[in-house]
2 protein chains.
Amino acid sequence: MDNSHSQFGGQSKIRWLIEKTSEDWVNLAISNPMEILLDHAHCERKAAGVALQLMFRYVSEPGLSAVLSPLAREELEHFERVLSILNSRGRKLEKLVSPPYGAILAKNIRKDEPRRMLDSFLVAGLIEARSHERMTLLSIHSPDLELRNLYSDLLKSEARHFGIYWRLADERFDRNTLTSRLEELAKVESDALVEMHQEPRMHS
Amino acid sequence: MDNSHSQFGGQSKIRWLIEKTSEDWVNLAISNPMEILLDHAHCERKAAGVALQLMFRYVSEPGLSAVLSPLAREELEHFERVLSILNSRGRKLEKLVSPPYGAILAKNIRKDEPRRMLDSFLVAGLIEARSHERMTLLSIHSPDLELRNLYSDLLKSEARHFGIYWRLADERFDRNTLTSRLEELAKVESDALVEMHQEPRMHS
């Protein structure tokens with residue numbers, strides 16, 4: 001995991017993820033692989049949706065679409081890969097109740113520009129960073145070889161993705177504003193996971 | 001163009017496009033290649049947005065995401081390709097006033113399910129069919145070799161895309177309901193183009 005952080009010029013990992021994922025989550029997740037897989041499919045679909053939403057909202061922002069469009073494509077590719085494993089195991093895509101995580105983070109995106117843009121990049125980056133951390137755990141601890149391989153393949157892109165959101169923010173905001181806001185949002189992100197959601201989810 | 005229609009089991013082209021594009025549009029378009037290219041980038045971005053929106057709205061619909069996700073990825077690939085030609089010619093992505101075409105079609109999507117689903121597939125298919133027809137014209141009449149090649153490459157996917165929307169509808173609705181509604185919407189689509197929008201757009 002350390003390699004993935006070198007692309008932030010030595011920026012410490014603590015800035016993205018204040019608290020590590022608990023063992024309890026790992027146990028919940030590996031005991032419910034199909035539900036985690038289904039939730040994961042939704043996460044990839046939603047991540048593509050976020051990238052596209054940003055492309056629509058900031059349509060004239062130079063250099064934004066050129067990086068978010070390939071990112072959205074890659075999330076969709078992951079979605080298709082997870083969906084095909086689900087299907088091969090006799091499951092279909094179906095709705096799942098979401099844990100409060102995404103809504104808590106979304107509520108903390110400020111409404112006025114350019115702060116809304118900054119917060120949107122940082123929240124998207126935080127979600128990618130947490131997904132990366134959790135996929136790493138699943139790629140090690142899942143008892144299922146096909147799933148270990150899946151997570152191990154996908155987590156490489158997740159690392160690139162939070163790098164992309166970091167750069168989008170870093171190119172547009174001064175470093176002090178950026179890091180102090182990231183610290184605040186990283187606290188919100190970790191706090192949202194302290195009380196574990198009882199349903200097995202990628203972001204329980 | 002005839003090959004692209006064989007996948008509809010001999011369904012006549014007239015059902016999709018009631019009126020052919022006028023020579024006036026071709027002249028307007030080839031006299032304003034950069035504006036058409038810019039509008040085209042937006043069309044590809046919006047087409048990806050439509051596919052993703054349908055995936056979100058009908059998240060549990062069996063077999064829908066598995067075909068719309070690759071379609072959305074392909075639209076994004078086209079978006080990136082058009083964007084890179086724009087950039088190589090010194091232009092950036094910027095907002096453009098849309099012609100009334102898209103809004104007129106959207107207004108004709110009925111609000112109650114399952115009719116909303118049927119209309120959404122047919123409208124998306126009609127837009128792809130018109131894009132296919134116009135890109136074919138540009139691939140022949142554009143005086144610019146790079147653009148002729150671009151349109152000629154992209155139009156193959158557009159034909160596949162309206163085939164996908166046709167099948168999504170055909171798998172879920174009876175053929176009579178489908179063809180009679182397509183006839184109505186195809187009339188709306190052609191009527192929306194009778195009075196040519198004065199600005200050069202893909203769907204002026």
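Lettering of chains follows the sequences in order, A, B, ..., and the numbering in each one begins at 1.
Within 6.0 Å of atom CD in A:E113, more than 12 heavy atoms from other residues, nucleotides or ligands are found, so the atom counts as buried in its surroundings. No more than 12 heavy atoms of other residues, nucleotides or ligands sit less than 6.0 Å from atom CD of B:E195.
Rounding to the nearest 0.5 Å gives a distance of 8.0 Å between NZ of B:K46 and CZ of A:F56. Interatomic distance, CG of B:L93 versus OG of A:S65, reported as 5.0 Å (0.5 Å rounding).
Heavy-atom distances place no part of A:E75 under 4.5 Å from chain B, backbone and side chain included. For B:L52, the part lying near chain A is the side chain, with the backbone staying farther off; criterion is any non-hydrogen pair under 4.5 Å. With a 4.5 angstrom heavy-atom cutoff, B:Q53 does not touch chain A via any of its atoms. Only the side chain of B:L83 comes within contact range of chain A, judged by heavy atoms closer than 4.5 Å.
Ranking A:G49, A:A66, A:P70 against chain B, the residue ahead of the rest is A:P70, based on heavy-atom pairs under 4.5 Å. If you tally non-hydrogen atom pairs under 4.5 Å between each of B:K92, B:R45, B:K95, B:E94 and chain A, the highest count goes to B:R45. Counting heavy-atom pairs closer than 4.5 Å to chain A, the top residue among B:S69, B:S60, B:G63 is B:S69.
Taking 4.5 Å as the limit, every side-chain heavy atom of B:E74 sits out of range of all side-chain heavy atoms of A:L76.
With respect to the salt-bridge test (charged N to carboxylate O, under 4.0 angstrom), the residues B:E80 and A:R73 qualify.
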